[in-house]
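Throughout, protein chains are lettered first and strands after them, A, B, ... in sequence-line order, and every chain is numbered starting at 1. When reading the values below, keep in mind they use all heavy atoms of this one structure, side chains included, and skip hydrogens, waters and symmetry mates.
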Protein chains: 2
Amino acid sequence: MTNRYRIGDLATRLAVPTQTIRYYEHEGLLPKPARTEGNYRVYGIAERERLTFILHCRALDMTLDEIRHLLRLRDAPGQGCAEVNAVLDAHIGHVAERIRLLNDLQLQLKDLRARCESPSTSKDCGILQGLASFPTAQDGGASRAGGHGRRAQE
Amino acid sequence: MTNRYRIGDLATRLAVPTQTIRYYEHEGLLPKPARTEGNYRVYGIAERERLTFILHCRALDMTLDEIRHLLRLRDAPGQGCAEVNAVLDAHIGHVAERIRLLNDLQLQLKDLRARCESPSTSKDCGILQGLASFPTAQDGGASRAGGHGRRAQE
DNA sequence: AGAGACTTTATAGTAGCTTCAAGGTCAAGC
DNA sequence: GCTTGACCTTGAAGCTACTATAAAGTCTCT
Ligand SMILES: [Zn+2]
Ligand SMILES: [Zn+2]
Ligand SMILES: [Zn+2]
Ligand SMILES: [Zn+2]
C-alpha cells in the first residue's frame with residue numbers, strides 16, 4: 001500500500017519542494033496532517049490528490065485565492081457546478097487580458113527597436129532618444145489593466 | 001523657469017507616486033538629489049528626464065535591472081549602441097516567451113472548460129475531475145520558462 | 001499662533017514562493 | 001554505543017516593484 005507518505009515522499013512524487021507543501025498548509029489549502037511520534041507530517045491518498053489538484057491549478061496560473069475557491073466547491077460535492085464554471089471563466093478572462101496587454105507591448109517594443117537599425121554612438125541612438133521622449137506622462141499606454149501576473153527566473 | 005521641482009511637483013507632472021520616486025532613488029536608478037535647507041529633495045531637468053526615461057521603460061515592462069543597464073549605457077554617450085539593441089532584443093524575447101506561455105495556457109484552460117458544458121453537481125463535474133487527474137507530475141506542461149512577469153490589481 | 005498641505009524617515013505588507021539557520025529524528029554502520 | 005548522514009522541524013529573511021502606514025518635521029497662509 002502506497003497510501004502513507006512523509007513530506008519528502010510526497011514532494012518527490014509530485015515534483016514539488018517540501019517547503020511549498022508546508023506553505024500550502026500554512027495558507028490553508030492543505031489541511032493540517034497527522035503526525036508521527038517524532039512529529040513528522042504524515043499524508044494519505046486524500047491529501048495527495050488534493051495537492052495534485054492544487055498543482056494543476058497552479059500550472060494553469062490560477063492564484064491561491066482562485067484555488068481556495070475551487071477547493072471549497074470541490075469540498076461541497078452536492079452543489080451544482082455553475083460556480084466552478086464561473087471561476088474558470090473569470091480566470092480565462094485574466095489570461096486573455098494579459099495576452100492582450102503583452103501583444104500591445106510587443107508592438108511598442110518592435111516599434112522602438114526599429115529606431116536603431118544602424119547602430120551609432122549611444123548619444124544619437126534612436127532607442128535611447130525614444131525612451132526619453134515617448135508620450136507616457138498623460139496616458140495612452142496599455143499598462144495597468146486587470147489579470148493577475150506571473151514571475152519567472154533569470 | 002520650470003527647472004526646479006520638489007518631489008510632489010515631479011510626481012504630479014509625471015503621474016507617479018512620490019514613494020515610487022524615492023524608491024527609485026533607493027534602488028540607485030535616480031541619483032541622490034540636492035536638498036533644501038529644510039531637507040526637501042530638489043530636482044532639475046536632468047532628473048526629470050531621467051525619471052521619464054525610467055517610466056517609459058517600466059511602461060514597456062522592463063525590470064529595474066534592465067533599466068539600470070540601459071541607464072548605464074545612456075550615461076556613457078560615447079559608446080556604440082549595440083548593447084542597447086541587445087538589451088532591447090532580450091526584453092522583446094522575454095515578452096515573446098510570456099505570450100507563448102500564456103497562449104499555451106489559454107488552450108489548456110479552454111480544453112478544461114469544455115469538460116463541463118452541461119452543469120451538473122460538482123461531484124461529477126468534468127472540470128474538477130480534470131483538475132484532479134491531468135498529467136502534471138512528470139512534465140509536459142508549459143510552466144517555468146524564461147521571461148519575467150507582471151503583476152496587476154484585482 | 002494654528003491649520004493644512006507638504007515633506008521626511010522607517011517599517012510592514014503584497015504573491016508565491018525560495019533559501020537559510022539552528023536544531024530534532026531516525027536508520028545504518030563500525 | 002556512538003557517529004554519520006539523510007531526513008524532518010520551526011522560524012525568519014529574501015525575492016520584485018511597489019503600496020500603505022505611522023510619526024514627525026517644514027512651509028505657507030491667515
Ligand atoms: Zn485568474
Ligand atoms: Zn542605436
Ligand atoms: Zn525583459
Ligand atoms: Zn461541471
Subject >> Contact residues, residues 25-43 of chain A to DNA chain D [heavy atom, < 4.0 Å] >> reply: A:Arg35, A:Asn39, A:Tyr40, A:Arg41
Original post:
Taking the nucleotide of DNA chain D with the closest heavy atom to each, which residue, A:Gly8 or B:Arg68, is nearer the 5' end?
Top reply: A:Gly8
Original post:
To the nearest angstrom, how far is B:Gln19 atom CD from C:dG13 atom P?
Top reply: 17 Å
Subject >> Protein-nucleotide distance (A:Tyr23, atom OH; C:dG16, atom P), rounded to Å >> reply: 6 Å
**OP:** Could you check how far CD1 of A:Ile7 sits from P of C:dC26, rounded to whole Å?
**Re:** 16 Å
Original post:
Quick one: are B:Glu97 and B:His94 in side-chain contact, heavy atoms under 4.5 Å?
Top reply: no
Subject >> All pairs passing side chain to side chain donor-acceptor pair (under 3.5 Å) where residues 21-34 of chain A contributes a residue, at least two apart >> reply: A:Glu25-A:Arg41
Subject >> Value in whole Å for how far the C1' atom of D:dA17 lies from CG of B:Asp65 >> reply: 12 Å
Original post:
A:Ile54 has an atom CD1; how far is it from atom P of C:dC17, in whole Å?
Top reply: 10 Å
Original post:
What is the distance from CZ of A:Arg6 to C1' of C:dT25, rounded to the nearest Å?
Top reply: 9 Å
**OP:** Measure across A:His56 and B:Gly130 and return the closest heavy-atom pair with its distance rounded to 0.1 Å.
**Re:** ND1-O, 4.3 Å
**OP:** State, yes or no, whether a side-chain contact exists between B:Arg74 and B:Leu71 at a heavy-atom distance under 4.5 Å.
**Re:** yes
Original post:
Rounded to the Å, how far apart are B:Asp9 CG and C:dC6 C1'?
Top reply: 10 Å
**OP:** Work out which heavy atom in B:Ser122 is nearest to a heavy atom in A:Leu73; give both atom names and the distance.
**Re:** OG-O, 3.6 Å
Original post:
If only side-chain N and O atoms of B:Thr20 are considered, is one of them under 4.0 Å from the OP1 or OP2 phosphate oxygen of D:dT19?
Top reply: yes
Original post:
Rounded to whole angstroms, how far apart are CG on A:Leu51 and P on C:dC17?
Top reply: 11 Å
Original post:
Nearest to the side chain of A:Arg58, which nucleotide is it out of D:dC18, C:dG16, D:dT9?
Top reply: C:dG16
Subject >> Phosphate OP1/OP2 of D:dT9 contacted by A:Arg22 side-chain N/O (<4.0 Å) >> reply: yes
Original post:
Is there side-chain contact between B:Arg98 and B:Asp61, with at least one heavy-atom pair below 4.5 Å?
Top reply: yes
**OP:** Would you indicate whether the side-chain heavy atoms of A:Arg68 and A:Leu64 approach each other to under 4.5 Å?
**Re:** yes
Subject >> Residues B:Arg50 and B:Asp75 bridged, charged N to O under 4.0 Å >> reply: yes
Subject >> End axis versus end axis in the helix from C:dA1-D:dT30 to C:dC30-D:dG1, the angle rounded to 10°, five pairs used at each terminus >> reply: 40°
Original post:
Any donor-acceptor pair under 3.5 Å linking the side chain of B:Glu66 with the backbone of B:Thr63?
Top reply: yes
